[in-house]
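The block underneath contains the structure these notes are about, expressed in structure tokens.
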2 protein chains.
Amino acid sequence: MKPLGARSIAHDPVIRRLNALCALDDQAIAALHDELNRTFSVRSRQELLHEGQEILRCMLVVRGWAARTRCVEDGRRRIINVVLPGYLVGYPGLKRGLASSTVVAITDVLLCTAPDSSVSPALAKAYAISRALDEAHLLGQITRLGRLNAQERIQDLLLELLERLELGGLAREGRFTIPLTQEMLADALGLTPVHVNRMLQQARQAGELSWHGGQVVLHDPKAIRRKVGRLKVRVSRPLI
Amino acid sequence: MKPLGARSIAHDPVIRRLNALCALDDQAIAALHDELNRTFSVRSRQELLHEGQEILRCMLVVRGWAARTRCVEDGRRRIINVVLPGYLVGYPGLKRGLASSTVVAITDVLLCTAPDSSVSPALAKAYAISRALDEAHLLGQITRLGRLNAQERIQDLLLELLERLELGGLAREGRFTIPLTQEMLADALGLTPVHVNRMLQQARQAGELSWHGGQVVLHDPKAIRRKVGRLKVRVSRPLI
DNA sequence: CGATCCATTGATTCTTATCAAAATAGGTGG
DNA sequence: CCACCTATTTTGATAAGAATCAATGGATCG
């Protein structure tokens with residue numbers, strides 16, 4: 001077994017995120033390291049899960065981005081939300097559940113099996129909090145679509161991504177790598193790609209953000225948060 | 001203990017709905033009857049639960065409608081979804097969880113304590129399916145807001161309500177009682193009340209539905225379902 | 001009877017979609 | 001390294017959808 005310590009916690013987004021949700025004990029970290037040695041990958045555009053499909057085991061995203069989508073009859077898809085490193089795919093502690101939505105890899109995605117909750121109460125709690133946050137993000141998405149205009153929707157979503165990535169140490173000072181195209185953003189926000197483009201330019205010209213070469217920088221996250229009335233999602237206590 | 005039988009199952013929306021989700025055994029029905037004798041009520045406009053509040057016990061809605069809402073800083077609310085008779089409020093089997101959204105009574109609401117999952121595996125399964133359906137309805141709401149125009153949103157939501165009410169025997173042949181105002185509908189659909197009104201009139205004139213005195217009739221649910229591309233939510237198997 | 005809530009109507013403005021096309025970037029193979 | 005191909009971003013012109021503002025009519029309730 002690999003040696004454990006502060007450095008290994010700090011360097012892996014998966015462990016870092018789960019540890020931020022609930023302080024992990026040695027058993028949990030050991031189990032995670034164990035699984036992190038047996039990763040498998042899914043190529044960009046491939047499905048991790050298909051709506052209605054039986055879920056044989058719960059997985060953890062180690063690297064890369066994926067999207068929960070709803071497939072619609074006319075061929076277009078709707079992006080429900082985004083799945084990031086350190087996030088669960090499937091239902092911890094549940095055998096033979098059915099997927100309620102399709103999950104597609106946006107980039108190449110590295111996965112591992114999620115260690116069973118039984119290895120550590122702390123890990124079980126981290127899973128529970130993770131799931132509660134997922135639900136909170138769904139509510140956030142509904143609020144976004146129902147209440148905000150195009151400009152606010154974009155900034156609100158970017159802010160959410162920033163906050164979510166920060167937990168895994170994948171974003172700092174308003175800056176992160178975004179593998180989404182403007183078209184995907186449009187799909188997630190119920191807008192057309194053309195309009196997303198215009199709103200992004202407008203925000204750029206207002207000096208609120210920059211987005212080039214897959215790098216996003218929010219110049220003043222707090223100001224954006226104030227503007228769109230976004231409440232920061234708490235992680236100190238479980239939401240359910 | 002009261003005598004149990006087909007008639008008592010058929011006549012109570014709570015038991016009827018849970019029984020439709022998963023065939024209940026005598027233990028479950030007895031426990032439910034037991035709790036149904038100790039109901040308590042919440043007046044219209046009062047809160048059943050406030051966002052962030054600790055949930056002491058899981059409840060069942062016996063009669064009346066409520067709404068999950070997100071309170072926003074500017075005083076306006078967003079309706080996330082609607083809670084109907086036979087639905088759970090809170091998290092079965094979880095002590096000390098925190099509410100992820102505020103639940104407000106739309107009409108006077110009659111509640112009872114949800115019997116513990118441990119009284120019957122069938123009841124536990126019915127709860128699990130109920131929760132899975134709740135998540136599916138959140139996904140449906142996101143799809144609605146992101147993909148449909150005003151006319152379709154309204155009809156899609158009414159269709160969802162019809163299907164959900166049918167499970168509790170509270171709707172038949174496209175007809176049900178709706179305690180929502182057009183303003184609430186607008187809040188749930190991300191539209192203005194004025195626009196909802198116009199779209200309803202348009203639908204009425206097209207002979208697609210009628211809505212008078214709190215009674216809604218969808219004249220051809222199947223046609224609407226085809227038009228808005230709505231997939232009927234399955235209940236025969238758990239979605240998670 | 002006034003007060004209040006809800007549904008309805010009209011006129012106008014603003015936001016966003018739609019259609020079409022050009023420019024740019026990124027990747028691949030020669 | 002260049003030429004080519006494809007995906008993505010950007011631009012422009014126009015139309016449709018929904019919001020906004022303002023006001024009226026109908027119920028219902030104390």
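Remember, it's a predicted structure, so these values are computed and weren't measured experimentally. Excluded from the calculations below are hydrogen atoms, water molecules and symmetry mates; all remaining heavy atoms, backbone and side chain alike, are included. Numbers restart at 1 for each chain; the letters A, B, ... are given by sequence-line order, proteins then strands.
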For residues B:L162 and B:G174, report the shortest heavy-atom separation together with the two atoms involved.
-> CD1-CA, 3.7 Å
Begin with the C-alpha distance, continue with both residues' side-chain angles, and end with the deciding distance and a verdict on side-chain contact (heavy atoms from CB on, under 4.5 Å) for A:D12 and A:L36.
-> CA-CA 10 Å; A:D12 189 285; A:L36 285 168; 3.9 Å; yes
Between A:E135 and B:R68, is the closest basic N to carboxylate O distance under 4.0 Å?
-> yes
Which atom names give the shortest non-hydrogen contact between B:A20 and B:L167, and what distance separates them?
-> CB-CD2, 3.7 Å
Provide, to the nearest angstrom, the distance between the CG atom belonging to A:L191 and the P atom belonging to C:dT15.
-> 14 Å
Side chain A:T107, main chain A:W65, donor-acceptor under 3.5 Å = yes
Would you call A:R70-A:E51 a salt bridge at under 4.0 Å N-O?
-> yes
Each nucleotide N or O in nucleotides 25-28 of chain C that has a protein N or O under 3.5 Å away: list the pair and distance.
none

Which protein N or O atoms sit under 3.5 Å from an N or O of nucleotides 5-9 of chain C?
unit_1 : atom_1 : unit_2 : atom_2 : d
C:dA7  : OP2    : B:Q182 : N      : 3.2
C:dT8  : OP1    : B:R204 : NH2    : 3.2
C:dT8  : OP2    : B:Q182 : NE2    : 3.0
C:dT8  : OP2    : B:N197 : ND2    : 2.7
C:dT8  : OP2    : B:R204 : NH2    : 3.2
C:dT8  : O5'    : B:N197 : ND2    : 3.4
C:dT9  : OP2    : B:Q201 : OE1    : 2.0
C:dT9  : OP2    : B:Q201 : NE2    : 2.9

Short side-chain donor-acceptor distance under 3.5 Å, A:R204 and A:Q201 | no
Nucleotide C:dC19, atom P - distance to NE2 of A:H195 in whole Å = 17 Å
Starting from C1' on D:dG17, measure out to CG on B:L148 and report it in whole angstrom.
-> 14 Å
Side-chain heavy atoms of B:N81 within contact of B:Q141, under 4.5 Å | no
When the distance from CD of A:Q202 to C1' of D:dT11 is rounded to whole Å, what number comes out?
-> 15 Å
Starting at CD of A:Q151 and ending at C1' of C:dT15, how long is that distance when rounded to a whole Å?
-> 12 Å
Taking CD1 from B:I154 and P from D:dG17, how many angstroms apart are they, rounded to a whole number?
-> 14 Å
Minimum-distance pair of heavy atoms, taken over all atoms of A:D156 and A:R144 = OD2-NH1, 2.7 Å
Answer yes or no for B:R131 and B:Y91: cation-pi contact, defined as NZ/CZ to six-membered ring centre under 6.0 Å and angle to ring axis within 45°.
-> no
Shortest non-hydrogen contact between A:L145 and B:G146, atoms and distance = CD1-N, 4.1 Å
Looking across every strand, which nucleic acid part, if any, lies under 4.0 Å from A:G190 by heavy atom: base, sugar-phosphate, or nothing?
-> sugar-phosphate
For the pair made of CG in B:L145 and C1' in C:dT16, what is the distance, rounded to whole Å?
-> 16 Å
Tell me: CG of B:N149 to P of D:dA19, nearest whole Å?
-> 12 Å
How does protein contact run along nucleotides 25-30 of chain D, one letter per nucleotide 5' to 3', with B for base contact, S for sugar-phosphate only, - for none, heavy atoms under 4.0 Å?
-> ------
